[in-house]
Amino acid sequence: MPKTKFEEIIFTVMMVIVMVYGMVVYNITIDMGSLRNEVFIIAFKELLIMGVVGFLLEEFIAGSLAKKLAFRIVTPGKDKMIAVILAISIMTVCVMCPLMSFAATVMFKGIDSQLIAKWIQTTVMNFPMALCWQIFVAGPLVRFIFGKMFPAK
């Protein structure tokens, strides 16, 4: 886990890249009707825009809010580390999924009289995937790589 502000930023960038790329692949696949090789290339282009949005939302809104919500459930230093990690991960998805879904809805589906309905639908479609991707893929992968980059002292 990050110990300095620099490490927190590196961790956030890594997590945003893995989460956003996975979710962009998922959403493009839904839009195209199937997963095809070109989806992986198209997703890299969207990653540039959505990655910046994701980083800004995480850094300035979701990160601190998710920790506040998680720490209502668990106490770092008292509860098992896996419980703390899972609580923060779950709360991050609970905050970030609606925010990122709103941004994606506005950018890719447009602003019209159906904006709220489109946003709710996008959030509902994204939430199960975002939660599973975070818990089973992005979280473990990023923590593993981060641990190799910044070994515990």
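- The distance from the CD atom of Glu58 to the CD atom of Glu8 is 10.0 Å, given to the nearest 0.5 Å.
- A continuous path of ILVMFWY side-chain contacts below 4.5 Å connects Val124 to Ile116, so both sit in one hydrophobic cluster.
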Report task. Given salt bridge (Lys or Arg N to Asp or Glu O under 4.0 Å), test Glu38 with Lys45 step by step and report yes or no. Result -> CA-CA 11 Å; Glu38 63 261 26; Lys45 295 173 186 170; over 6 Å; no
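- Gln134 is listed as a side-chain neighbour of Met15, based on a closest heavy-atom distance under 4.5 Å.
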Query raised in the report: Stepwise, does the side-chain contact (heavy atoms from CB on, under 4.5 Å) test hold for Met100 with Val20?
Result: CA-CA 9 Å; Met100 289 296 289; Val20 169; 4.0 Å; yes
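- Lys109 NZ: more than 12 foreign heavy atoms inside a 6.0 Å radius.
- Ile42 contributes atom CD1, which lies 11.0 Å from atom CZ of Phe40 (distance to the nearest 0.5 angstrom).
- Within the 4.5 Å cutoff, the side chain of Ile90 has no heavy atoms near those of the Leu69 side chain.
- Looking at Phe150 and Lys3, their side chains never come closer than 4.5 Å, going by heavy atoms from C-beta outward.
- There is a path of hydrophobic side-chain contacts, each under 4.5 Å, that joins Phe60 to Val95.
- Annotation for Ala103 and Val53: closest pair CB-CG1, 3.8 Å, computed over non-hydrogen atoms.
- In this structure the side chain of Met91 never reaches within 4.5 angstrom of the side chain of Phe71, judged on heavy atoms.
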Report task. Run the numbers on Phe11 and Met149 for side-chain contact (heavy atoms from CB on, under 4.5 Å), then give the verdict. Result -> CA-CA 10 Å; Phe11 185 84; Met149 291 172 61; over 6 Å; no
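- Placement of Met107 and Met32 within a single hydrophobic cluster is found when ILVMFWY residues are connected by side-chain heavy-atom separations under 4.5 Å, directly or transitively.
- Side-chain atoms of Trp119 never come within 3.5 Å of backbone atoms of Val106 as a donor-acceptor pair (strictly under, hydrogens ignored).
- Distance check: Leu99 CG to Leu56 CG gives 12.0 Å after rounding to the nearest 0.5 Å.
- Considering all non-hydrogen atoms of both residues, Met1 and Phe146 come closest at C-CE2, 3.8 Å.
- When side chains are defined from C-beta on, Met125 does not count as touching Asn27, because their heavy atoms never get closer than 4.5 Å.
- Interatomic distance, CG of Asn126 versus CD1 of Ile30, reported as 6.5 Å (0.5 Å rounding).
- Counting all heavy atoms, side chain and backbone alike, Ala62 lies closest to Met96 at CB-SD, 3.3 Å.
- Among all heavy-atom pairs drawn from Leu47 and Tyr21, the shortest one is CD1-N, 3.8 Å.
- Within the model, atoms CD1 of Ile28 and CD of Glu46 stand 4.0 Å from one another, a figure rounded to the nearest 0.5 Å.
- At a threshold of 4.5 Å between side-chain heavy atoms, the hydrophobic network of Ile, Leu, Val, Met, Phe, Trp and Tyr places Met14 and Phe6 in one connected group.
- Open room surrounds CZ on Phe102; 12 or fewer heavy atoms of other groups in view lie less than 6.0 Å from it.
- Looking only at side-chain heavy atoms (C-beta outward), Phe127 and Ser101 stay at 4.5 Å or farther from each other.
- With hydrophobic clusters built from ILVMFWY side chains whose heavy atoms lie under 4.5 angstrom apart, Leu35 shares a cluster with Val24.
- In this structure, CD on Gln121 lies 10.5 Å from CD on Gln114, to the nearest 0.5 angstrom.
- The closest side-chain heavy-atom distance from Val18 to Trp133 is below 4.5 Å.
- Between Ala138 and Met19, the shortest heavy-atom contact is CB-SD, 3.5 Å.
- By the 4.5 Å heavy-atom criterion applied to side chains, Thr4 and Glu7 are counted as neighbours.
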Report task. Could you walk me through whether Ser34 and Thr29 pass the side-chain contact (heavy atoms from CB on, under 4.5 Å) test, one step at a time? Result -> CA-CA 5 Å; Ser34 67; Thr29 299; 5.6 Å; no
For residues 76-89, run the donor-acceptor check on the side chains, cut-off 3.5 Å, and write out each pair with its distance to 0.1 Å, sequence neighbours left out.
{"from": "Asp79", "atom 1": "OD2", "to": "Thr75", "atom 2": "N", "distance (Å)": "2.6"}
{"from": "Ser89", "atom 1": "OG", "to": "Ile85", "atom 2": "O", "distance (Å)": "2.9"}

